[in-house]
There are 2 protein chains.
Amino acid sequence: MAKARYHHGDLREALLDAAEALVRERGADGWSLREASARVGVSPSAAYHHFGSRDELVRALSEVVLARLGSHLRAAMDATSGHGAERLVACGRAYVTWAVLDPAVARLVFRGGATEPQSAVSPHPHDVLTTELDRLADTGLLPPQARPGAEFVVWAAIHGLAVLLIDDLVHIDDRRDVELQTERLVSATLNGLAQETAPPADRPLPRTAHTQRVAQSQDAGPSPRTFSP
Amino acid sequence: MAKARYHHGDLREALLDAAEALVRERGADGWSLREASARVGVSPSAAYHHFGSRDELVRALSEVVLARLGSHLRAAMDATSGHGAERLVACGRAYVTWAVLDPAVARLVFRGGATEPQSAVSPHPHDVLTTELDRLADTGLLPPQARPGAEFVVWAAIHGLAVLLIDDLVHIDDRRDVELQTERLVSATLNGLAQETAPPADRPLPRTAHTQRVAQSQDAGPSPRTFSP
DNA sequence: CCCAGATCTGAACAGTGTTGAGATTGCGGT
DNA sequence: ACCGCAATCTCAACACTGTTCAGATCTGGG
């Protein structure tokens with residue numbers, strides 16, 4: 001392979017791959033830029049022609065993996081023959097199982113924080129959830145008054161279980177038990193939402209970090225990113 | 001203040017305080033052991049007489065903060081005049097609000113991972129949740145068949161929202177809206193649990209990382225900490 | 001063919017966690 | 001009151017980190 005070449009060819013991609021492998025081997029924080037560069041066979045400073053900093057590498061990797069997770073979720077749902085709620089349960093199961101099977105990478109991605117607004121993380125897991133809940137509302141399985149913002153309730157539940165597991169705050173030995181627990185969680189959440197009557201008039205609508213430009217053009221005012229304590 | 005003294009007096013506590021302040025100022029990872037030592041007025045190596053490593057400092061700090069969160073939750077529940085579900089809603093509100101108001105420290109603690117089994121994190125947030133759900137089951141608001149493991153469902157939901165917010169994956173501008181979203185989440189989860197019929201016979205019971213010695217003496221076999229993929 | 005610009009190297013900088021040898025101190029026993 | 005021992009802290013050093021920058025090397029388009 002083009003090893004002795006002065007120009008690498010596709011160093012950017014190679015660094016992303018090496019970083020991902022290192023995360024998997026040594027944990028989300030147990031690796032260095034220099035190590036990834038060395039593994040690719042390149043000097044440490046070469047990386048700075050493709051990423052402005054180590055953090056930028058991490059963000060780029062996060063976006064790649066997040067998009068992969070998105071299509072994984074979609075595929076898991078489509079592989080289900082079930083109707084209605086079963087698809088959403090499959091989605092949650094895929095989400096949690098994915099995190100548990102690749103905990104280091106999951107930690108990195110979930111902790112990566114907000115991705116760039118213009119970044120094309122597609123399909124974003126949140127969007128997958130959103131379209132599925134739309135489907136449930138159309139089917140009538142989810143009453144219309146419970147639909148707005150329901151994706152955040154479901155996402156919080158699923159994400160919470162995944163994070164509790166990969167951070168070792170909760171421990172489940174068997175993989176099958178992880179799935180059972182996830183199914184219970186999603187079912188309970190969905191049933192709870194279905195039971196909702198009229199929402200309060202001022203129910204808040206959260207925003208995802210990967211907001212698209214469309215939403216930006218609507219509200220001109222600068223949206224504060226922090227609370228005033 | 002004993003400043004020029006060779007022996008500090010209570011360096012361990014001082015380092016914990018300095019570290020917490022640094023986390024709050026510069027983020028969960030934006031500080032160094034050396035910086036904390038310098039702020040306390042002590043050489044970097046002095047810290048190693050109280051903590052085996054930087055990670056050990058972080059773990060110790062996590063346990064302190066986690067215990068503080070536990071009693072904060074208990075206090076928030078006791079401050080509620082409401083009966084039944086309202087107490088649990090107050091607990092969730094306190095959990096999420098606490099995280100959002102001190103995001104850097106919350107990140108550190110939640111990411112700290114499993115605390116030492118013998119560590120006396122008391123009261124642990126998970127235990128607060130557990131006893132409250134016991135109360136709900138006793139009152140009859142939560143059917144008995146839904147009780148086992150219900151704390152993990154509720155915890156996952158609450159924790160998920162908190163983590164999504166502090167990691168900037170979801171954004172809610174106003175603090176009041178955070179509370180409203182939390183209330184919806186807890187109510188929905190609890191209602192969903194209340195609707196549960198008989199559970200599957202082999203429903204898994206997760207374990208918290210802060211397992212107490214009692215549980216250890218029951219099962220003699222070594223409990224594997226990882227899944228086999 | 002040739003050279004502008006992208007790409008990579010090498011050496012350097014400040015800062016990090018961690019270690020080990022020695023200085024300083026407080027405390028319990030005589 | 002003293003001594004010695006163990007706890008506590010300092011100092012200097014190690015290997016390693018992210019990052020910068022001047023210069024070497026390659027590549028594609030005129």
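Lettering follows sequence order; numbering is per chain, from 1. Please read all numbers here as calculations on a predicted model, not as lab measurements.
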Visitor: Expressed in angstrom and rounded to an integer, what is the separation of B:D29 atom CG from D:dT17 atom C1'?
Guide: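 In whole Å, D:dT17 C1' and B:D29 CG are 14 Å from each other.
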Visitor: Report the residue from A:I158, A:L129, A:T189, A:T80 that forms a side chain to side chain contact (heavy atoms under 4.5 Å, CB included) with A:L88.
Guide: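 With A:L88 as partner, A:I158, A:L129, A:T189, A:T80 yield a single side chain to side chain contact (heavy atoms under 4.5 Å, CB included), made by A:L129.
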Visitor: Using whole Å, what does the distance between atom C1' of nucleotide D:dT25 and atom CG of A:L11 come to?
Guide: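 Computing the A:L11:CG to D:dT25:C1' distance gives 15 Å.
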Visitor: With sequence neighbours excluded, tell me which residues meet side chain to side chain contact (heavy atoms under 4.5 Å, CB included) with A:A46.
Guide: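 Checked A:A46 against side chain to side chain contact (heavy atoms under 4.5 Å, CB included); matches are A:L11, A:V42, A:S43.
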Visitor: Distance check needed: C:dT7 P versus A:F51 CZ, whole Å only.
Guide: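 Answer to the nearest Å: 12 Å.
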Visitor: Between atom CG in A:L57 and atom C1' in D:dT17, what is the gap in whole Å?
Guide: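 After rounding, the gap between these two atoms is 15 Å.
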Visitor: Would you call the rings of A:F152 and A:W155 parallel, tilted or perpendicular, where under 30° means parallel and over 60° means perpendicular?
Guide: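 Geometry flag for A:W155 against A:F152: tilted rings.
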Visitor: Pick out the pairs of N or O atoms, protein on one side and nucleotides 16-20 of chain C on the other, that lie under 3.5 Å.
Guide:
| unit_1 | atom_1 | unit_2 | atom_2 | d |
| --- | --- | --- | --- | --- |
| C:dT16 | OP1 | B:S32 | OG | 2.9 |
| C:dG17 | OP1 | B:L33 | N | 2.7 |
| C:dG17 | OP2 | B:L33 | N | 3.2 |
| C:dG17 | OP2 | B:R34 | N | 3.2 |
| C:dG17 | N7 | B:R34 | NH1 | 2.4 |
| C:dG17 | O6 | B:R34 | NH1 | 3.0 |
| C:dT18 | OP2 | B:Y48 | OH | 2.7 |
| C:dT18 | OP2 | B:R54 | N | 2.8 |
| C:dT18 | O5' | B:Y48 | OH | 3.1 |
| C:dT18 | O4 | B:R34 | NH1 | 3.4 |

Visitor: Name every residue in residues 17-24 of chain A that has at least one heavy atom under 4.0 Å from any atom of DNA chain D, in order of residue number, or write none if there are no such residues.
Guide: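 The answer is none.
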Visitor: Identify all side-chain donor-acceptor contacts of residues 100-112 of chain A below 3.5 Å with residues at least two apart in sequence or on another chain.
Guide:
| unit_1 | atom_1 | unit_2 | atom_2 | d |
| --- | --- | --- | --- | --- |
| A:D102 | OD1 | A:R24 | NE | 3.1 |
| A:D102 | OD2 | A:R24 | NE | 3.1 |
| A:D102 | OD2 | A:R24 | NH2 | 2.9 |
| A:R107 | NH1 | A:I166 | O | 2.1 |
| A:R111 | NH2 | A:D167 | OD1 | 2.2 |
| A:R111 | NH2 | A:D167 | OD2 | 2.7 |

Visitor: In whole angstroms, how far is the C1' atom of D:dT8 from the CG atom of B:L15?
Guide: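 Value for this atom pair: 13 Å.
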Visitor: Whole angstrom is fine here: how far is it from NE2 in A:H49 over to C1' in D:dA22?
Guide: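 The distance from NE2 of A:H49 to C1' of D:dA22 comes to 11 Å, rounded to the nearest Å.
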Visitor: Rounding to an integer number of Å, can you tell me how far A:D10 CG sits from C:dA6 P?
Guide: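 After rounding, the reported distance stands at 17 Å.
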Visitor: Would you say a side-chain N or O of A:H50 is under 4.0 Å from OP1 or OP2 of C:dC8?
Guide: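 A:H50 to C:dC8 OP1/OP2: side-chain N or O found under 4.0 Å.
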Visitor: With sequence neighbours excluded, what pairs up with B:H124 under the side-chain hydrogen bond (donor to acceptor under 3.5 Å, both in side chains) test?
Guide: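 For B:H124 there are no side-chain hydrogen bond (donor to acceptor under 3.5 Å, both in side chains) partners, ignoring immediate neighbours.
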Visitor: Under the salt bridge (charged side-chain N to carboxylate O under 4.0 Å, His left out) rule, collect the residues that match up with B:R68, sequence neighbours excluded.
Guide: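 In terms of salt bridge (charged side-chain N to carboxylate O under 4.0 Å, His left out), with neighbours along the sequence ignored, B:R68 is linked to B:E20.
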Visitor: Is it the case that the side chains of B:Y95 and B:H159 hold a donor-acceptor pair, with the cut-off being a distance below 3.5 Å and no angle test?
Guide: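 Looking only at side-chain atoms, B:Y95 and B:H159 do form a donor-acceptor pair, the distance falling under 3.5 Å.
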Visitor: Ring of A:W98, cation from A:R93 - is the NZ or CZ under 6.0 Å from the centre and inside 45° of the axis?
Guide: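 Because its charged atom misses either the 6.0 Å distance or the 45° angle limit, A:R93 does not stack over A:W98.
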Visitor: Using only atom types and a distance under 3.5 Å, with no angle test, would you say the side chain of B:T97 pairs donor to acceptor with the backbone of B:A94?
Guide: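 Absent.
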